[in-house]
Protein chains: 2
Amino acid sequence: MSAYPTDSTHAPDALSWVASANAPDSDFPLQNLPYGRWRRPGETAWHLGVAIGDQVLDLAEAGLLAHADMNRLMAAPLAERRGLRLALFEGLRECSPQQAAWARALHPVAGLELGVPCEIGDYTDFYASIHHATTVGRQFRPEQPLLPNYSWVPIGYHGRASSIVASGQPVRRPVGQTRPPEGQSQPRFGPSARLDYELELGLFVGSPNALGEAVDLAQAETHLFGVTLFNDWSARDLQAWEYQPLGPFLAKNFASTVSPWVVTLEALAPFRAPLQRPDNQPAPLPYLSSADNQQQGALDIVLEVWLQTAAMRAAGHAGDRLSTSNAADAFWTPAQLLTHHTVNGCNLRSGDLLGTGTLSGPAPEQGGSLLELSAGGKQPLQLSNGEQRSFLEDGDTVILRGFCQRPGWRRIGLGECRGTVLPARTPR
Amino acid sequence: MSAYPTDSTHAPDALSWVASANAPDSDFPLQNLPYGRWRRPGETAWHLGVAIGDQVLDLAEAGLLAHADMNRLMAAPLAERRGLRLALFEGLRECSPQQAAWARALHPVAGLELGVPCEIGDYTDFYASIHHATTVGRQFRPEQPLLPNYSWVPIGYHGRASSIVASGQPVRRPVGQTRPPEGQSQPRFGPSARLDYELELGLFVGSPNALGEAVDLAQAETHLFGVTLFNDWSARDLQAWEYQPLGPFLAKNFASTVSPWVVTLEALAPFRAPLQRPDNQPAPLPYLSSADNQQQGALDIVLEVWLQTAAMRAAGHAGDRLSTSNAADAFWTPAQLLTHHTVNGCNLRSGDLLGTGTLSGPAPEQGGSLLELSAGGKQPLQLSNGEQRSFLEDGDTVILRGFCQRPGWRRIGLGECRGTVLPARTPR
């Protein structure tokens with residue numbers, strides 16, 4: 001059974017006294033209650049808040065928390081986190097006796113700065129989509145797109161925590177070495193010409209595990225706090241030249257963008273899905289295997305990538321949707337990723353971030369990166385305004401969106417994860 | 001010119017009123033003054049201290065610092081750090097007027113707990129020894145030991161910060177997947193049978209750089225605070241199975257051990273060395289190239305690995321020296337590593353750790369890992385007490401040592417970095 005079953009806080013007919021939360025297309029209805037950090041212009045310290053409609057409720061002003069430390073909130077025992085969710089649900093519900101008091105703790109999100117949700121100690125990026133791994137693997141290794149370990153190992157590597165930025169922050173095009181021109185030995189050096197996005201989910205760790213202690217699969221979800229959107233910007237030309245034998249480095253660590261609102265696993269309880277495994281793939285090893293994980297370990301989250309070019313922005317055009325995929329098509333579940341990460345005794349701390357890796361769907365048009373959608377740059381995408389893209393150009397804004405939608409349940413949104421490409425700095 | 005030239009604090013004839021610092025073989029004479037964190041049994045907060053002989057001077061008790069935050073000390077401007085070094089040197093020097101007051105701030109190191117030197121935000125591991133890369137590459141890829149990018153790119157990847165432990169902490173043998181037996185497809189699962197150490201230097205970042213801002217090679221050393229010993233424990237069998245295509249992960253992140261005393265680049269000023277590049281290697285690209293770096297960018301630090309098995313310990317035997325190498329044989333200098341890390345705009349924070357990668361010398365017996373010394377396990381090492389080792393066994397203690405020694409200068413030691421292997425936890 002999932003560590004986060006549905007309960008009264010998922011009742012689809014419950015409405016909030018915050019009117020904007022009741023719009024059917026709101027990302028943040030009463031049943032969502034995602035956590036984030038915000039501040040007013042000029043403030044240096046962060047507040048902790050919960051998104052409700054187009055408002056944020058300050059947890060301290062509402063008398064719900066005596067601190068503003070998201071990592072501490074994430075580390076709280078499951079029972080305490082459940083209690084907080086219930087208190088928020090009841091207090092924000094129509095006819096709540098808290099309405100008068102809490103209305104003063106409510107602030108319109110517009111005009112506030114939303115930050116990276118917590119202090120991120122370590123950031124790990126996985127490679128959980130077999131569709132992404134196969135398509136990309138075919139470009140790098142046509143003779144063997146999927147390496148033999150992929151079927152067994154939730155492949156992952158460590159990423160850079162310092163350069164994770166909040167949604168809305170611009171991202172500067174990186175400079176670096178790329179493969180030497182044909183017939184030459186000296187690499188090129190300059191701005192990346194193959195800048196890309198990667199559509200991912202970010203999984204935030206809740207309860208930590210001690211160094212040396214593995215987390216069993218059955219317990220794994222109790223160590224996961226919640227989910228965000230995550231854009232793992234990638235410079236494909238830097239990556240192709242540097243990545244052997246130790247993996248990506250400067251191709252990734254110039255920036256990654258995270259969305260501000262952490263949607264808890266509790267809010268996602270109605271949207272669990274069975275794990276989809278292609279028929280030709282073996283069952284996981286016992287430490288990564290359970291009936292519960294097989295039947296409801298995946299998350300049914302619709303994911304979208306939108307691109308707004310500078311020309312679109314100037315014309316008041318909101319952008320093109322480049323792709324749609326679903327997190328339930330991943331080859332490994334969040335619980336499997338966490339359990340694998342700790343099987344050797346590696347310690348995860350509250351606030352640590354696990355990226356799922358690019359979440360591409362099975363169809364070619366469901367690729368979660370331009371590398372996939374443009375076939376490695378060979379087939380440029382035709383945009384609705386007549387422009388083309390093989391990779392990102394300066395001024396392009398990439399917007400990730402995600403939401404859960406099922407008959408009988410309120411829509412639960414992840415909000416958006418947005419970043420605009422700035423031109424490369426001229427090397428001195 | 002080096003950012004850290006020699007000055008009065010390197011005067012080889014200067015003695016300390018702390019008698020143990022004046023022994024010719026002391027790692028911590030008056031000219032060293034390395035920083036670390038210590039506490040008494042039962043204390044939870046760390047003190048900041050400087051090692052002098054077999055004592056530690058508490059920086060707060062001596063009136064030199066009003067805080068105990070090593071990251072803040074590391075972030076201080078170069079002029080401030082120089083001022084602190086000069087004050088320590090003068091105050092600990094023979095006949096200093098501070099002797100009476102500071103004697104009360106002096107504590108014997110024996111009996112104190114020495115910690116990880118600071119809060120480590122991000123940890124990057126490089127691959128800076130061409131000798132290590134060639135020997136190991138030959139085992140993994142006999143047809144192409146050194147990949148074409150090695151000559152140009154200071155290869156690096158991100159490691160795990162959460163599992164970096166202080167010298168003296170035991171290290172539990174990791175459990176995980178390894179390559180399937182010949183003719184089978186299902187991987188093995190269990191304790192690593194090829195557990196290894198890696199002899200590295202740890203380089204701690206001092207002044208940070210902002211996201212998006214590259215650090216020029218000429219400025220790189222002003223962003224480096226100092227140096228420790230670093231053991232990047234590695235499970236070779238886990239590594240061989242998991243490392244493609246994204247690099248090492250569970251094979252490394254179960255533990256890394258760092259020595260407690262950060263020897264500043266100022267203390268190392270008399271031990272600079274020219275960069276050694278094999279004749280068949282090209283000159284670095286311009287952003288990684290300068291005459292200063294070529295002539296004095298390297299560090300002349302003698303490095304040793306010692307092994308004390310459980311049987312040796314029971315017999316009162318201090319252990320065997322397995323190898324000796326020198327940090328000056330690295331293919332890239334610390335300044336080159338730092339500049340490369342930031343060329344794409346990646347931000348380094350005060351207290352971030354850069355591992356050099358295994359520092360093997362050019363001769364086969366100078367390998368900085370058992371993987372090299374035992375030819376991938378094929379030629380077990382014969383130990384002085386009759387035991388043999390291909391890889392580490394439970395109860396083995398690995399001790400890294402490092403020191404600088406040149407005629408006309410006082411010996412500057414790095415102390416030691418020590419860890420003992422515990423048996424694997426039995427999977428439930």
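Per chain, numbering begins at 1; letters A, B, ... match sequence-line order.
- The closest donor-acceptor contact from the side chain of A/Q177 to the backbone of B/W152 lies under 3.5 Å.
- Only the side chain of B/V165 comes within contact range of chain A, with at least one heavy atom under 4.5 Å from a heavy atom of that chain.
- In this structure, the portions of B/Q186 lying under 4.5 Å from any heavy atom of chain A include both its backbone and its side chain.
- Heavy-atom distances place both the backbone and the side chain of B/L348 under 4.5 Å from chain A.
- For CG of B/D279, the number of neighbouring non-hydrogen atoms (other residues, nucleotides, ligands) closer than 6.0 Å is 12 at most.
- For the options A/L422, A/T342, A/N253, heavy-atom pairs under 4.5 Å to chain B are most numerous at A/N253.
- Rounding to the nearest 0.5 Å gives a distance of 11.0 Å between CG of A/D122 and OH of B/Y123.
- With chain B as partner, the option from A/Q244, A/H341, A/R141, A/K252 having the largest number of non-hydrogen pairs under 4.5 angstrom is A/H341.
- Of the listed residues (A/G159, A/G345, A/P174), the one with the most heavy-atom contacts under 4.5 Å to chain B is A/G159.
- In summary, the aromatic rings of A/F189 and B/Y287 are positioned with their centroids under 6.0 Å apart.
- Looking at B/P282, neither its backbone nor its side chain comes within 4.5 Å of chain A, counting heavy atoms on both sides.
- When each of A/G176, A/G212, A/P187 is checked for heavy-atom pairs under 4.5 Å with chain B, A/P187 comes out on top.
- Residue with the most contacts toward chain B among A/C346, A/S162, A/A251: A/S162 (heavy-atom pairs, distance under 4.5 Å).
- Listed here is the closest heavy atom pair of A/P245 and B/Y127: CG-CE2, 4.1 Å.
- Scanning both residues, B/E242 and A/V153, for their nearest heavy atoms gives CB-CG1, 4.4 Å.
- Chain B forms the most heavy-atom pairs under 4.5 Å with one residue out of A/S192, A/P248, A/G121, and that residue is A/P248.
- The side-chain hydrogen bond (donor to acceptor under 3.5 Å, both in side chains) check on B/R194 picks up nothing, with sequence neighbours excluded.
- If you measure heavy-atom distances from B/L288 to chain A, the contacts under 4.5 Å come from the side chain alone.
- Using a 4.5 Å cut-off between heavy atoms, B/L246 contacts chain A through both its backbone and its side chain.
- Judged by distance alone, the side chain of A/R160 and the main-chain N or O of B/N347 form a donor-acceptor pair under 3.5 Å.
- Neither the backbone nor the side chain of B/D125 comes within contact range of chain A; no heavy atom of the residue lies under 4.5 Å from a heavy atom of that chain.
- At a 4.5 Å heavy-atom cutoff, the contact between A/L250 and chain B is made by backbone and side-chain atoms alike.
- Interface residue B/L285: only side-chain heavy atoms are found under 4.5 Å from chain A.
- Options B/L147, B/N344, B/L238, B/T124 differ in how many heavy-atom pairs under 4.5 Å they form with chain A, and the most are formed by B/N344.
- No more than 12 heavy-atom neighbours from other residues, nucleotides or ligands sit within 6.0 angstrom of CD on B/E182.
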